[in-house]
Amino acid sequence: MQIDAKFDFNQFYSGKVNDLKPNTQKSWRSVKIFLISYNGFMENKLKINGGKKLFGSVTVEGAKNAILPILAGVVLCDGEITLENCVDISDVRCMREILSTMNICTHADGSTLYINTKEIKNEKITHELTQKVRASIFMLGALLARFRSANIAFPGGCKIGARPIDIHLKAFKALGVKIVEKHGYIYCNGQDLKAGTIVFEFPSVGATESLMMCACLTEGTTRLYGVAKEPEIVCLQDFLNKMGAKISGAGTDCIEIEGVKSLHGGTFEVISDRIVAGTYLLAVATCGGDVTIEKVVPKHNDALLSFLRQTACQIDILNDKIRLRADERLLSIDKIQTLPYPFFPTDLQPQMMTLQSVSEGVCTMAENIFENRFALVPELDKMGANIVVKTRTAVIYGVPKLYGADVSASDLRAGAALVIAGMKAEGYTTISNVHYIDRGYEKIEEKYLSLGADIKRI
Ligand code: UD1
């Protein structure tokens, strides 16, 4: 039975509660828990009538993976912070909720987020909060730097792999932090925190960002080797430096952090989301059409663009715009593997899989970052795709057509890939578990609707 009168949790949650004073917010918490359960029960779906080509232009929002660590970074700052180009997605709202438990006020006005840390206090971050957003783990480094102590429940997030945090914890210990793991919580004592040299065994994005924040207010020079080089790490460096930090080297293998006494407030503009830009590019390549993606940093998508050039679509780059035209069925890409930046990102692998599933030829795709990132395959199979998975490699035999089906998003990027598949397929596709997609895409159905897709939230 379809019930139409649904409570719009997203609308309720966007800004309104976070804009209240922290104490008032507390009394809303029990109401919110009820509403979350209610909304889970009354989950939205996306319904797509496929087969339409995409035309027009679409503007990319601020990067989710840049704003999330920055929202932890504000804990280091003393004063008022204004963040521009801030995306309104559920992960950001959850991070704002965590900040509110620390007495940090946040207020959104369009894409600008105002933050005041003057009344900040150190609070345990509970399981209820960390299960909602994996980026809660960033708070560990920031709280250690600011208060020399942090207590936080193990983080949740999309189920794309085991996602341990051993690299973070090992690095904190190397800087003198004492850590006890008990009953699902991590208790950190940073009284003996000191600068040091850390060599990462793997360039973990999260561990690089956590350690940058932790070392920021720690006396002496900390050197991090073998770090991740993603543009979002450069963005975090730029944000922290604007607030008074002394960090250099982000974007290379080695980051050097000279500890300072304190950080102040200020205004900062978040970079645009290369994964959202890449998702739209792959959507147009899959569905066909002619779309200009605006407000992008093209070089952040170099790996994707070089693959797309092998498929016979037409790509034009002009400053912060990328135009993609695809008139006919594209050619398969022989081999693709995911690797840390600047190589092809794991966060675009499912969307690329959708494109390959309807391309002409065979593609072998290896997933080297997250072990559960092929959860999309059984859903694409329901739509008529022909994909054979052997452990962490998928062989995708391109089919001429996909057909509409009832499918379910298993995580954020798999959800984005299913939306593309639904827009390409013949007939109706219904996608459930849309809350995963809402973690990382702002008003996704409105953007595709404006490009000519027949898509609605039901
Ligand atoms: C970040 C991104 C995510 C992206 C990923 C890889 C954010 C908010 N999220 O996630 O969108 O998919 O980078 O580009 O920026 N690992 C360990 N131990 C650790 C940490 C990581 O074994 O302590 C492993 C993970 O299980 C994974 C790999 O290292 O297999 C990459 O993880 P990492 O780079 O840390 O990704 P995240 O920071 O979680």
Side-chain angles (χ1 to χ4, degrees), residues 54-68 70 84-89 91-92 111 205 229-235 251 269-311 313-326 330 333 336 338-356 412-420 423 437-453:
L54 304 175
F55 293 94
S57 65
V58 62
T59 302
V60 173
E61 57 254 26
K64 159 179 127 18
N65 287 354
I67 185 71
L68 294 176
I70 286 174
E84 291 166 348
N85 199 27
C86 183
V87 60
D88 181 23
I89 47 175
D91 268 15
V92 166
S111 61
V205 174
K229 296 185 273 203
E230 271 68 0
E232 294 77 20
I233 290 168
V234 180
C235 188
E269 185 178 346
V270 178
I271 56 168
S272 76
D273 197 311
R274 67 194 164 98
I275 303 300
V276 170
T279 301
Y280 293 139
L281 287 169
L282 286 161
V284 188
T286 306
C287 299
D290 182 352
V291 172
T292 301
I293 321 282
E294 301 192 354
K295 211 172 171 186
V296 290
V297 184
K299 73 173 161 46
H300 290 171
N301 273 313
D302 271 351
L304 169 67
L305 291 170
S306 81
F307 277 128
L308 283 174
R309 285 193 185 97
Q310 298 173 28
T311 68
C313 65
Q314 293 174 62
I315 296 167
D316 298 301
I317 296 173
L318 187 68
N319 303 321
D320 66 346
K321 296 182 178 63
I322 305 175
R323 178 179 178 193
L324 191 143
R325 281 170 284 174
L330 299 185
I333 298 161
I336 303 175
T338 62
L339 286 169
Y341 190 84
F343 298 102
F344 186 70
T346 177
D347 283 354
L348 287 176
Q349 181 262 104
Q351 302 89 313
M352 178 60 101
M353 179 177 271
T354 298
L355 170 63
Q356 296 309 301
L412 164 58
R413 306 301 172 188
L418 285 174
V419 174
I420 298 174
M423 292 191 299
I437 304 172
D438 293 333
R439 293 181 87 138
Y441 294 86
E442 192 177 74
K443 301 181 184 133
I444 193 166
E445 69 277 24
E446 287 179 27
K447 296 219 166 129
Y448 284 132
L449 198 64
S450 76
L451 296 178

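Along the sequence shown, residues are numbered consecutively beginning with 1.
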Under the criterion salt bridge (charged side-chain N to carboxylate O under 4.0 Å, His left out), I'd like the reasoning laid out for Arg274 against Glu232: C-alpha separation, chi angles, the key distance, then a yes or no.
CA-CA 10 Å; Arg274 67 194 164 98; Glu232 294 77 20; 2.8 Å; yes
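- You'll find the side chain of Pro231 stays beyond 4.5 Å of the side chain of Val297, heavy atoms only.
- Contact annotation: the side chain of Ile293 never approaches that of Leu324 to less than 4.5 Å [non-hydrogen atoms, C-beta and beyond].
- Distance check: Leu451 CG to Asp290 CG gives 10.5 Å after rounding to the nearest 0.5 Å.
- Using a cut-off of 4.0 Å between Lys/Arg side-chain N and Asp/Glu carboxylate O, Asp273 and Lys64 are scored as not salt-bridged.
- Taking CZ of Arg413 as the start and OG1 of Thr346 as the end, the distance is 9.5 Å to the nearest 0.5 Å.
- With Asn301 as the partner, the side chain to side chain contact (heavy atoms under 4.5 Å, CB included) test is satisfied by one option alone out of Val296, Leu308, Leu348: Leu348.
- Considering Thr292, Leu281, Ile315 in turn, Thr292 is the only one that fulfils the side chain to side chain contact (heavy atoms under 4.5 Å, CB included) rule with Arg323.
- The side-chain hydrogen bond (donor to acceptor under 3.5 Å, both in side chains) check on Arg309 picks up nothing, with sequence neighbours excluded.
- Salt-bridge formation is detected for the pair Asp316/Arg325: a Lys NZ or Arg NE/NH1/NH2 atom is positioned less than 4.0 Å from an Asp or Glu carboxylate oxygen.
- The distance from atom CD1 of Ile317 to atom CD1 of Ile322, rounded to the nearest 0.5 Å, is 5.0 Å.
- Atom CE in Met353 sits 12.5 Å away from atom CD1 in Ile420 (nearest 0.5 Å).
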